[in-house]
Amino acid sequence: MRSVIKAAALAVGMAMTVGAGAQEAGKREGSFVVHKLNDWLYAIGEPEYYQKNYSYLLLGSERALMFDAGANQKEDITRVAATLTDKPLSVLPSHLHFDHLGGLHNFSSVYLVDIPFTRKFKRDDGLYHVPEPVYLGNFDHMTVKPFKVDRLVKPGELIDLGGLQVRLLNTPGHTRDEVVLFDETHNVLLSGDHLYPSWLLAGNLKDYIASLDATLKLINPQTTIYGAHADEDANRVPAMTYAEVGKIREQMLAIQAGRAKGETFSDPELIKQARLFKVEKDISILTDIEFTDGRAYGYKP
Ligand SMILES: [Zn+2]
């Protein structure tokens, strides 16, 4: 039945999805695919990009906010946003990795999490100079130019877009600066690289588990969770469930205790070798990561 529906969808050229969480077919804008999730939230996917990134556009009555700038360095993601809103637009990166900063230079207003790790990038010229070993741009031959920050957002602070409020939480583990946005009114969590239904890269397991504990306290079984990378189906907006977050936490605890059974993993585009620990479906956790350029991934607190 599922494959029949999928074949019919392909026949009319739609990016339709099957299974739990019905989604509207995406609308193509160049390399981007726009999914309307509701009146105030859009997902902008990059299904052909090898990391299958999804950025999110939040629409308030006063302002609009992009959560992540996309990976695409050439096509301007703000032009896609401009087809959906005429409100002043800002961008907040979920963290400072290259695949979330590809379109950063197109934004006139950048928000950034206010923690010691990000504050140290500010130089005398008033701009933020992020070093390559932080953003890892070599993989995509990209450079993050020094940028101005319009607003620093403290962990726990509310961002008010006018009739739409989201709270920022710092959820270290993937990176130190990883953040998520929680909309309590609509019970939606935008989880960046903290949570998505594919290979999760653990930069620091202890931090990651503590952040999952904090996330599980914040959300509830009814929370809708959208992450920054798709699973095997690049055309489906990456959603997760509360139960899956719990299972990721359990598996991370098992890895930490040496109880989990891992396997050797590699991926020609990014990862020379790593340990892979399956969670369920396409969700897994990668530890002990060595990238294709020989660099090790991870940080110490
Ligand atoms: Zn990342």
Side-chain angles (χ1 to χ4, degrees), residues 43-46 49-56 66-73 77 91-104 110-113 115 117-118 121 128 130-144 147 168-181 189-205 207-209 211-212 215 225-231 234 237-238 240 245 248 252 265 267 269-272 274-276 279 282-293 295-301:
I44 304 178
E46 297 170 79
Y49 178 64
Y50 66 99
Q51 299 202 58
K52 299 176 265 188
N53 281 58
Y54 275 78
S55 307
Y56 294 86
M66 283 285 314
F67 189 46
D68 283 328
N72 199 312
Q73 301 166 49
I77 198 168
V91 64
L92 171 72
S94 63
H95 61 301
L96 296 169
H97 271 167
F98 66 101
D99 53 313
H100 302 258
L101 304 174
L104 193 80
V110 177
Y111 290 6
L112 190 66
V113 59
I115 55 172
F117 178 73
T118 53
F121 301 136
Y128 285 70
V130 183
E132 195 281 335
V134 170
Y135 69 82
L136 303 170
N138 283 357
F139 294 106
D140 280 7
H141 309 286
M142 75 92 85
T143 308
V144 175
F147 56 89
L168 176 143
L169 265 98
N170 182 206
T171 51
H174 173 65
T175 60
R176 286 182 184 86
D177 60 328
E178 179 66 46
V179 299
V180 299
L181 296 179
L189 181 78
L190 302 179
S191 55
D193 276 11
H194 176 47
L195 290 163
Y196 54 76
S198 178
W199 316 323
L200 298 164
L201 275 64
N204 183 289
L205 211 52
D207 272 7
Y208 220 132
I209 293 165
S211 292
L212 288 169
T215 303
I225 306 167
Y226 294 117
H229 297 278
D231 59 17
V237 181
M240 318 223 9
V245 180
I248 292 165
M252 284 199 187
F265 174 83
D267 163 65
E269 267 136 349
L270 207 60
I271 290 156
K272 191 174 185 179
R275 295 293 294 166
L276 180 141
V279 179
D282 291 340
I283 306 169
S284 54
I285 299 153
L286 297 184
T287 68
D288 306 289
I289 299 156
E290 185 189 344
F291 287 126
T292 44
D293 67 359
R295 287 190 282 188
Y297 180 69
Y299 71 93
K300 300 216 162 53

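Order of listing sets the numbers, starting from 1, for every ligand and every atom in it. Values in this document were obtained by computation on a predicted structure and should not be read as measured data.
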Contacts of Y196 meeting ring-ring contact (aromatic ring centres under 6.0 Å, His included) (sequence neighbours excluded), chain-then-number -> H229
The salt bridge (Lys or Arg N to Asp or Glu O under 4.0 Å) partners of D231 (sequence neighbours excluded) come to R236
Note to self: Is the distance between the ring centroids of Y54 and Y226 under 6.0 Å?
What the structure shows: no
Atoms of type N, O or S from the protein that sit nearer than 2.8 Å to the Zn ion (ligand 1) number exactly 4
For R176, the side-chain contact (heavy atoms from CB on, under 4.5 Å) test, sequence neighbours excluded, returns F117, Y299
- May I ask you to decide if the ring planes of Y297 and H174 are parallel, tilted or perpendicular, using 30° and 60° as cut-offs? tilted
Does the side chain of Y49 pick up a donor-acceptor pair with the side chain of D140 at under 3.5 Å?
yes
